A.B. asks: 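Just dropping this structure here.
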Amino acid sequence: MTAIRTRYAPSPTGDPHVGNIRTAVFAWAMARANGGQFLLRIEDTDQARLVPGSIEAIYTSLRWLGIDWDEGPDIGGPHAPYVQSQRLAKYQGAAAKLIAEGRAYRCYCTAERLDAMRAAQSAAKQPPGYDGRCRDLASAESERRSQLEPFTVRFKMRKTGQTVLRDLIRGDVTFENALQDDFVALKSDGFPTYHLALIVDDTEMRITHAIRGEEWISSAPKHLQLYNAMGLEPTAFAHLPLIVGADRKKLSKRSGDTALLDYVRGGYLPAAMLNFLVLLGWSLDDKTSIISREELLAHFSIDRVVANPALFDIERLNFLNGHYIRQIETRDWEREVHDWAERQLPPSIPRPLDRELLAEVAPLLHERTATLGDIAPSITFLFGDEAPEYDPATLSEKVGGTSEAVRILDAALLALDAVDAAGWDKAAMEQAIRGLEGPLKMKLRKFVSVLYVAIMGKAQGIPLFDSVAILGRERTLSRLRKARHLLE
RNA sequence: GGCGCGUUCGUCUAGAGGCCCAGGACGCCGCCCUUUCAAGGCGGAGAUCGGGGGUUCGAAUCCCCCACGCGCUACCA
């Protein structure tokens with residue numbers, strides 16, 4: 001059996017979104033799981049839709065996830081070039097051959113005529129489709145006009161019988177040929193359409209399995225017939241279920257389109273994203289919900305891919321991200337905290353940041369972080385003299401009234417003022433604050449919220465004793481006084 | 001409109017005739033732990049397997065019909 005070769009063939013029309021990347025993940029995983037090769041090919045046949053920078057975004061997205069390719073535009077390979085705009089002669093040759101063999105024809109219909117035709121069809125409630133005006137043009141006339149007019153090359157679909165797609169995920173899908181349309185294979189600008197380029201490239205690049213999104217399934221008969229007309233053996237096909245947004249529609253520019261790189265910027269981990277993506281449509285067994293890259297590559301199999309669309313559930317991604325964050329080793333975690341703090345703390349805070357301080361809070365943050373983007377907001381209170389701004393009402397929210405809050409603040413002030421700067425550490429803080437239970441006749445867990453708010457501006461965050469110890473005597477006392485004033 | 005694909009807890013899924021009065025995970029709820037919040041532990045609610053007909057001793061699993069959702073219907077991919 002020949003080795004499996006799959007490819008990811010995005011068009012450079014912007015930052016790839018997660019649905020698109022998921023296709024890459026599956027194609028890659030299938031190749032790797034079977035000891036095959038994975039290729040990257042750029043499908044830039046639509047010159048009008050090119051977006052500068054897209055190719056770099058594709059590389060970056062793939063590399064971030066740890067998806068590696070054996071052949072591609074950047075590293076070359078035996079079937080270079082891997083960019084379709086650099087392979088035009090191949091497609092044009094294929095089109096010419098098709099014409100010579102009577103399997104395709106030049107079409108001189110203008111875009112305007114085509115539009116009018118479709119409008120008329122739709123008005124008459126007829127199914128839209130090319131009406132075949134140029135299908136039977138005499139070859140001499142076609143030849144002559146080709147010197148004078150622009151033309152496209154249309155493929156002559158067989159209009160009788162059926163075409164059967166043997167899909168790896170869905171089984172046999174049958175299409176009536178009578179309903180098929182003569183599609184454009186080569187555009188008037190000399191560029192191929194996806195359909196032609198696909199066949200030419202997948203064949204030449206020895207692709208064994210075409211793995212693509214479900215939106216391609218209806219054009220499968222075109223591809224199958226093209227392969228057939230060109231006397232080529234088609235690849236196997238696997239049409240992946242769509243990833244849909246909250247509205248249950250395909251992820252797209254219009255509907256919750258989310259570029260993978262947005263998640264990178266948001267502080268998601270590649271391992272979490274990979275884990276998340278691969279379980280959208282595939283499963284290892286009835287139990288596994290956490291899966292490593294290694295396990296994935298050892299066990300991925302295309303026949304465990306389901307056919308129904310999957311919803312992109314951010315809650316699930318967040319859980320996985322938190323899970324993977326907790327797996328990070330202490331030193332690496334300190335580095336992440338440092339990097340993300342440097343990057344995301346307000347610019348008003350002087351850089352470079354105090355590394356020792358960050359190393360001190362890092363462990364406190366570890367269990368409380370879902371995305372790396374959460375880091376900076378949870379530690380800003382440690383920088384600067386004042387606590388972040390807060391609504392004074394939150395001070396007394398949990399203790400039942402302003403006077404209670406005042407009583408608590410006064411007691412805390414008294415107790416903490418008694419600790420001198422030299423003895424100001426976590427143990428002393430704990431002793432002093434716990435010691436308030438007696439005089440206040442109140443449980444620590446009850447009154448502590450007042451202190452949290454006074455110190456860090458909100459009632460939840462990293463542990464109080466650590467916070468005030470790190471903050472130091474002056475800033476702690478001044479924040480407590482400030483809170484006290486706010487209540488007057 | 002036509003063609004195609006799909007339909008198991010809110011979500012992702014397991015399930016390929018009896019192991020299923022349907023399992024796991026996220027989310028949700030409760031309890032425990034606890035200086036808050038998390039994290040962690042334990043427990044719970046949650047799916048008459050889209051509906052209706054069959055086949056069978058027996059169906060989420062096989063067949064048919066229907067409904068709904070989505071995709072495609074370009075000189076875009």
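For clarity, every value in this text was computed on a predicted model and none was experimentally measured.
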A.B. asks: Select base, sugar-phosphate, or nothing to describe what A:P309 touches, counting heavy atoms under 4.0 Å on all strands.
C.D. replies: sugar-phosphate

A.B. asks: Both distances below 3.5 Å, Watson-Crick or wobble geometry, any strand: find the nucleotide opposite B:C9.
C.D. replies: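 Pairing partner, where one exists within any strand: none, as none qualifies.
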
A.B. asks: Heavy atoms only, 4.0 Å cut-off, all strands: where does A:L311 land among base, sugar-phosphate and nothing?
C.D. replies: sugar-phosphate

A.B. asks: Does B:G4 pair with anything, Watson-Crick or G-U wobble, both distances under 3.5 Å, and if so, with which nucleotide?
C.D. replies: B:C70

A.B. asks: Quick check: A:F237 with A:W216 (ring centres under 6.0 Å apart)?
C.D. replies: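 No, the ring of A:W216 stays outside the 6.0 Å limit from the ring of A:F237, centre to centre.
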
A.B. asks: In whole angstrom, give me the gap between the C1' atoms of B:G10 and B:C29.
C.D. replies: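 My reading of the C1' atoms in B:G10 and B:C29 gives 14 Å.
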
A.B. asks: Using a cut-off of 4.0 Å on non-hydrogen atoms, how would the nucleic acid contact of A:S188 be classed: base, sugar-phosphate, or nothing?
C.D. replies: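 If one applies the 4.0 Å heavy-atom cut-off, A:S188 turns out to touch a base.
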
A.B. asks: Could you tell me whether A:T152 contacts a base, only the sugar-phosphate backbone, or nothing, with contacts defined as non-hydrogen atoms closer than 4.0 Å?
C.D. replies: base

A.B. asks: Could you check whether A:F276 and A:F312 have their ring centres less than 6.0 Å apart?
C.D. replies: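 Ring-ring flag for A:F312/A:F276: true, centres closer than 6.0 Å.
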
A.B. asks: More 5' along RNA chain B: A:F312 or A:G461, using each one's nearest nucleotide?
C.D. replies: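 The residue whose closest nucleotide sits nearer the 5' end is A:F312.
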
A.B. asks: Considering residues at least two apart in sequence or located in another chain, which fulfil the side chain to side chain contact (heavy atoms under 4.5 Å, CB included) criterion with A:E430?
C.D. replies: A:R434, A:F465

A.B. asks: Look at the aromatic rings of A:H195 and A:H223 and report parallel, tilted or perpendicular, splitting at 30° and 60°.
C.D. replies: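 Tilted, since the angle between the ring planes falls between 30° and 60°.
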
A.B. asks: Say we look at B:A47 and B:G27: how far apart would their C1' atoms be, to the nearest angstrom?
C.D. replies: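 Their C1' atoms lie roughly 16 Å apart.
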
A.B. asks: Once you apply a heavy-atom cut-off of 4.0 Å, does A:T369 come out as touching a base, just sugar-phosphate, or nothing?
C.D. replies: nothing

A.B. asks: Using atom P of each nucleotide, how far apart are B:C19 and B:U61 to the nearest Å?
C.D. replies: 13 Å

A.B. asks: B:A14 pairs with which nucleotide, Watson-Crick or G-U wobble, both distances below 3.5 Å?
C.D. replies: none

A.B. asks: Examine A:R41 relative to A:Y82 and say whether NZ or CZ is less than 6.0 Å from the centre of the six-membered ring and inside a 45° cone about the ring axis.
C.D. replies: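 Ring-cation test returns no.
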
A.B. asks: Side-chain contact, heavy-atom cut-off 4.5 Å: A:Y8 with A:I211?
C.D. replies: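 The answer is no, as the side chains (C-beta and beyond) never meet within the 4.5 Å cut-off.
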
A.B. asks: For A:R304, which contact category applies under a 4.0 Å heavy-atom criterion: base, sugar-phosphate, or nothing?
C.D. replies: sugar-phosphate

A.B. asks: Centroid-to-centroid, A:F300 to A:W282, below 6.0 Å?
C.D. replies: yes

A.B. asks: Which part of the nucleic acid, if any, lies within reach of A:C109 when heavy atoms closer than 4.0 Å are counted: base, sugar-phosphate only, or nothing?
C.D. replies: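 Since a base atom lies under 4.0 Å of A:C109, the category is base.
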
A.B. asks: Mind listing the closest non-hydrogen atom pair of A:E360 and A:I470 along with its distance?
C.D. replies: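 Here A:E360 and A:I470 meet closest at OE2-CG1, 3.5 Å.
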
A.B. asks: Within a strict 4.5 Å, meaning less than it, do heavy atoms of the A:H323 and A:I290 side chains meet?
C.D. replies: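 Yes. Closest side-chain heavy atoms under 4.5 Å.
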
A.B. asks: Tell me, which of residues 12-30 of chain A have any heavy atom that sits under 4.0 Å from an atom in RNA chain B?
C.D. replies: none

A.B. asks: Please list, in numerical order, the residues of residues 434-447 of chain A that have a heavy atom closer than 4.0 Å to any atom of RNA chain B.
C.D. replies: A:R434, A:L444, A:R445

A.B. asks: Is the charged tip of A:R135 near the ring of A:Y105: under 6.0 Å from the six-membered ring centre and within 45° of its axis?
C.D. replies: no

A.B. asks: B:G58 pairs with which nucleotide, Watson-Crick or G-U wobble, both distances below 3.5 Å?
C.D. replies: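 Answer to the pairing question: none, since B:G58 forms no Watson-Crick or G-U pair.
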
A.B. asks: If I pick the P atom on B:G41 and the same atom on B:A59, what distance separates them, to the nearest angstrom?
C.D. replies: 40 Å

A.B. asks: So what does A:V306 touch, heavy atoms closer than 4.0 Å: a base, only the sugar-phosphate, or nothing?
C.D. replies: sugar-phosphate

A.B. asks: By the 4.0 Å heavy-atom rule, please label A:L451 as base, sugar-phosphate, or nothing.
C.D. replies: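 The residue A:L451 makes no contact with any strand.
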
A.B. asks: Donor-acceptor pairs are to be reported for all side-chain atoms of residues 120-127 of chain A against protein atoms at under 3.5 Å, with residues two or more places apart or in another chain.
C.D. replies:
residue	atom	partner	partner atom	Å
A:Q121	OE1	A:G129	N	3.1
A:Q121	NE2	A:G129	O	2.8

A.B. asks: Has A:R158 got more than 12 heavy atoms of other residues, nucleotides or ligands less than 6.0 Å from its CZ?
C.D. replies: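 No, because the 6.0 Å sphere around CZ of A:R158 holds 12 heavy atoms or fewer from other groups.
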
A.B. asks: Please confirm whether the backbone N or O of A:R113 pairs with a side-chain atom of A:T110, one donor and one acceptor, at under 3.5 Å?
C.D. replies: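 Side chain of A:T110 to backbone of A:R113: a pair is present.
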
A.B. asks: Which value, in whole Å, describes the distance between the P atoms of nucleotides B:U48 and B:G4?
C.D. replies: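 The answer is 30 Å between these two P atoms.
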
A.B. asks: At the 4.0 Å heavy-atom cut-off to chain A, mark where contacts on RNA chain B begin and end, going 5' to 3'.
C.D. replies: B:G1 to B:A77

A.B. asks: Given that A:I169 and A:H195 both sit by RNA chain B, which one's nearest nucleotide is further toward the 5' end?
C.D. replies: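 Taking each residue's closest nucleotide, the earlier one in sequence belongs to A:I169.
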
A.B. asks: Rounding to an integer number of angstrom, what distance separates B:A77 and B:C70 when you compare their P atoms?
C.D. replies: 26 Å

A.B. asks: Measuring from atom CD1 of A:I199 to atom CG of A:L224, what distance do you get when rounded to the nearest 0.5 angstrom?
C.D. replies: 8.5 Å

A.B. asks: Please work out if A:A459 contacts a base, only the sugar-phosphate, or nothing of the nucleic acid, heavy-atom cut-off 4.0 Å.
C.D. replies: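 Answer is base: heavy atoms of A:A459 come under 4.0 Å of a base.
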
A.B. asks: When you measure from the centre of the six-membered ring of A:Y130, is the NZ or CZ of A:R133 closer than 6.0 Å and no more than 45° off the axis?
C.D. replies: no

A.B. asks: Can you check the distance between B:C20 and B:C49, where both ends of the measurement are the C1' atom (answer in whole Å)?
C.D. replies: 10 Å

A.B. asks: Which nucleotide, in any strand shown, forms a Watson-Crick or G-U wobble pair with B:G27, with both distances under 3.5 Å?
C.D. replies: none

A.B. asks: Are any of the side-chain heavy atoms of A:L242 and A:R22 separated by less than 4.5 Å?
C.D. replies: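 A side-chain contact is absent here, since even the closest heavy-atom pair is not under 4.5 Å.
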
A.B. asks: Does any nucleotide pair with B:U48 by Watson-Crick or G-U wobble geometry, both distances under 3.5 Å, and what is it?
C.D. replies: none

A.B. asks: So what does A:F319 hit on the nucleic acid, given a heavy-atom distance under 4.0 Å: a base, only sugar-phosphate, or nothing?
C.D. replies: sugar-phosphate

A.B. asks: Please list residues of residues 211-224 of chain A whose heavy atoms come under 4.0 Å from any atom in RNA chain B, ordered by number; otherwise none.
C.D. replies: A:E214, A:E215, A:W216, A:I217, A:S218

A.B. asks: Hey, does A:R170 reach any base, or is it just sugar-phosphate, or nothing, if we go heavy atoms under 4.0 Å?
C.D. replies: sugar-phosphate

A.B. asks: Taking the C1' atom in each of B:G54 and B:G46, what is the distance between them to the nearest angstrom?
C.D. replies: 31 Å

